[in-house]
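Structure record follows, encoded as structure tokens.
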Amino acid sequence: MDELKHVDNHMNDLIYDLQVLIKQPSVSAKNEGIEECAILVQKLLKKSGISSEILRLRKGVAPIVYGEVKSKQNPNKTIMFYNHYDVQPAEPFDLWEYSPFDGIRKGNKIFGRGATDDKGELITRIKAVEACLKTSGDVPCNIKFVIEGEEETGSANIESYLKKFKKKFSTDAVIWEFGYVDAKNRPIIGLGMKGLLFVELSVKESIRDAHSSLAAIIKNPTWRLIEAINTLRDSNGEILIKDWYKEVTPFSKKDLELISKEPFDANQFQKEFGIKSFVGNKKSSLDAKKALVGGATCNIAGFVSGYTGEGAKTVLPSEALVKIDFRLVPKMDPKKQIMRLKKHLKLKGFSDITVKIYHGEAAARTDSSLPFVSQVKSAADKSFGTSILNVSNAGTGPMFPFVDILKAPCISIGSTYMFSRIHSPNEFARIDLLKKTTKCICLILQNFGSTK
């Protein structure tokens with residue numbers, strides 16, 4: 001294919017454009033460089049031959065960069081690339097070997113915040129479309145880009161964007177914003193993502209901190225919160241809130257077959273994280289994989305109360321708070337789960353605890369029997385040599401609104417090496433994986449466009 005040769009011959013262009021993107025900070029958590037990066041992405045799309053515009057919802061909301069190429073040979077099929085141009089904060093800066101916003105290249109790696117997540121992934125999509133346009137003057141199907149600027153802060157407005165621009169965004173299928181590549185250089189094709197419910201529980205007992213000698217007569221809010229969260233789950237990770245699993249359906253026979261085939265080295269995983277056992281003392285790799293793919297979780301993300309500095313301070317804190325994230329599986333409605341959590345706390349006698357909701361996102365999953373799945377797998381196998389089908393990613397992204405509003409299946413495929421330090425200092429992209437992924441996207445477009 002001429003497109004694949006074009007990718008080989010123009011990798012320096014890809015690297016340069018990625019470095020330009022990295023050099024433009026775009027930290028959504030601090031609203032740093034968001035507008036500037038949106039404009040930069042729009043210019044990059046136009047430079048690559050992709051018609052583009054900046055879409056806005058309202059003042060104060062990060063814009064979406066929209067791109068579109070209409071196919072002459074196959075105007076009846078459309079594929080969308082969903083990506084994001086915002087990045088995580090780069091702190092702590094002192095742990096970076098190279099400046100996070102310089103895009104330094106060292107051998108096979110490009111370092112910088114967003115090098116992989118998600119500017120590296122975005123560049124593979126853009127360059128694949130550019131390769132098609134430069135070699136044939138056309139694309140195998142209609143192509144749309146929806147590139148948001150709030151993914152790293154929870155994609156709070158993506159659903160509103162999808163509803164407002166539903167007609168413009170109409171598509172037959174979506175390639176998601178990333179895809180992992182494992183330690184053996186095998187791309188993991190993700191067919192879904194878990195949902196998320198992020199809450200903060202807090203309790204205030206007194207108007208100020210007190211001397212700890214008064215613990216004899218003043219209640220400690222920290223103990224109160226510990227008692228409350230102890231009722232949420234058992235030591236095996238099972239969530240104890242009534243009806244929490246009510247709507248959940250078991251894995252299908254096909255899902256179990258795919259899960260059993262997914263590689264997972266339990267010993268290597270435990271060694272990587274320095275742990276001796278899994279939650280619930282799971283013994284088999286299969287049990288661990290089933291939990292990662294379809295297990296609901298209740299995780300304490302942070303607990304704050306009293307004195308946490310060096311040395312001793314005998315203090316009785318006036319308040320305590322805990323941040324908890326619940327990973328949700330298909331059929332779990334975040335709104336229903338919130339009501340169940342509040343009802344649970346009330347029934348257990350903890351009506352004094354304040355519940356603050358930060359984020360709610362339902363899970364999404366694509367049927368593995370769809371032709372789109374085999375089209376993506378065929379392309380990945382050809383570009384990488386082999387690939388792995390994953391029933392669902394253990395993490396969360398705003399996939400559900402795309403499935404629910406656009407009625408389009410979503411699949412994750414990309415260049416994110418699993419040890420590329422995303423969200424951490426010294427994030428990097430591997431150039432060899434950027435090349436293979438760009439070729440893979442070219443092949444996906446061919447496979448998808450060649451079918452009616």
Side-chain angles (χ1 to χ4, degrees), residues 28 34 38 53-58 60-68 78-86 117-118 121-122 125 142-179 190-199 247-249 294 296 325-339 357-367 370 372-373 376 390-414:
S28 50
I34 293 298
E53 61 181 304
I54 289 180
L55 305 178
R56 298 186 184 278
L57 195 62
R58 61 181 181 274
V61 174
I64 273 182
V65 184
Y66 176 73
E68 184 172 2
T78 303
I79 196 168
M80 174 187 286
F81 295 114
Y82 161 72
N83 289 90
H84 61 92
Y85 59 85
D86 67 315
D117 182 16
D118 187 46
E121 296 283 24
L122 172 60
R125 278 72 166 152
N142 298 325
I143 294 166
K144 296 181 179 181
F145 283 85
V146 170
I147 310 163
E148 71 154 313
E150 297 179 319
E151 195 276 342
E152 297 294 6
T153 53
S155 299
N157 294 290
I158 193 66
E159 186 172 347
S160 297
Y161 268 116
L162 292 174
K163 287 178 178 177
K164 182 176 180 179
F165 297 101
K166 183 177 179 180
K167 188 174 181 181
K168 182 187 281 285
F169 291 172
S170 63
T171 186
D172 298 303
V174 178
I175 292 293
W176 205 242
E177 47 104 1
F178 81 102
L191 304 183
M193 301 196 84
K194 286 184 180 178
L196 179 72
L197 176 59
F198 199 104
V199 304
E247 292 82 15
V248 177
T249 54
D325 65 74
F326 295 89
R327 296 288 168 176
L328 309 179
V329 297
K331 306 297 184 183
M332 283 184 173
D333 181 342
K335 291 178 181 177
K336 280 186 180 179
Q337 304 306 87
I338 289 167
M339 297 307 297
I357 312 302
Y358 280 100
H359 183 60
E361 185 76 56
R365 195 174 292 174
T366 291
D367 186 345
L370 291 178
F372 183 40
V373 176
V376 172
N390 168 246
V391 172
S392 177
N393 190 285
T396 300
M399 190 178 280
F400 179 77
F402 284 81
V403 174
D404 185 50
I405 297 167
L406 302 184
K407 308 300 179 187
C410 300
I411 295 181
S412 300
I413 180 76

**OP:** Return yes if some donor-acceptor pair links the side-chain N/O of Asp172 with the main-chain N/O of Thr78 below 3.5 Å, else return no.
**Re:** yes
Original post:
Can you name the salt bridge (charged side-chain N to carboxylate O under 4.0 Å, His left out) partners of Glu361, sequence neighbours left out?
Top reply: none
Original post:
Who are the salt bridge (charged side-chain N to carboxylate O under 4.0 Å, His left out) partners of Lys166, not counting sequence neighbours?
Top reply: none
Smallest separation among heavy atoms of [X] and [Y], with atom names:
X: Ala38; Y: Val65; value: O-CG2, 3.5 Å
X: Leu197; Y: Ile357; value: CD1-CG2, 4.3 Å
X: Pro409; Y: Leu370; value: CB-CD1, 3.8 Å
X: Lys168; Y: Lys144; value: O-NZ, 2.7 Å
X: Ser28; Y: Asp86; value: OG-OD2, 2.7 Å
X: Phe178; Y: Met193; value: CE2-CE, 3.8 Å

Original post:
Who passes ring-ring contact (aromatic ring centres under 6.0 Å, His included) against Phe145, sequence neighbours left out?
Top reply: Phe81
So, using side chain to side chain donor-acceptor pair (under 3.5 Å) as the criterion, who are the partners of [X] when residues are at least two apart?
X: Arg365; value: none
X: Asn390; value: Glu262
X: Asn83; value: Asp118
X: Thr366; value: none

Original post:
To the nearest 0.5 Å, what is the distance between CG (Asn142) and CE (Met80)?
Top reply: 11.5 Å
Original post:
Roughly how far, to the nearest 0.5 Å, is CD1 of Ile143 from CD of Glu68?
Top reply: 10.0 Å
Subject >> Ile64 vs Ile158, side-chain contact (heavy atoms from CB on, under 4.5 Å): CA-CA, chis, key distance, verdict >> reply: CA-CA 9 Å; Ile64 273 182; Ile158 193 66; 3.8 Å; yes
Could you list the donor-acceptor pairs under 3.5 angstrom formed between side-chain atoms of residues 330-339 and any protein atom two or more places apart in sequence or on another chain?
from   : atom 1 : to     : atom 2 : distance (Å)
Asp333 : OD1    : Lys335 : N      : 2.9
Gln337 : OE1    : Arg340 : NH1    : 2.7
Gln337 : NE2    : Trp244 : O      : 3.0

**OP:** Apply side-chain contact (heavy atoms from CB on, under 4.5 Å) to the pair Glu177 and Leu122, showing each step before the final yes or no.
**Re:** CA-CA 7 Å; Glu177 47 104 1; Leu122 172 60; over 6 Å; no
Taking distance alone, no hydrogens or angles, what donor-acceptor pairs closer than 3.5 Å link side-chain atoms of residues 396-406 to residues at least two apart or in another chain?
from   : atom 1 : to     : atom 2 : distance (Å)
Thr396 : OG1    : Lys194 : O      : 3.0
Thr396 : OG1    : Gly195 : O      : 3.1
Thr396 : OG1    : Arg327 : NH1    : 2.7

**OP:** In sequence, state the C-alpha distance, the side-chain angles, and the governing distance for Tyr358 and Leu196, and then conclude on side-chain contact (heavy atoms from CB on, under 4.5 Å).
**Re:** CA-CA 10 Å; Tyr358 280 100; Leu196 179 72; over 6 Å; no
Original post:
Who are the side chain to side chain contact (heavy atoms under 4.5 Å, CB included) partners of Glu150, not counting sequence neighbours?
Top reply: Val61, Ala62, Glu148, Thr153, Asn157
**OP:** Determine whether Ile175 and Phe372 make a side-chain contact, defined as any pair of heavy atoms from C-beta on separated by less than 4.5 Å.
**Re:** yes
Original post:
Per the ring pair (Phe, Tyr, Trp, His ring centres under 6.0 Å) rule, which among Tyr161, Tyr66, Tyr82 passes with Phe169?
Top reply: Tyr66
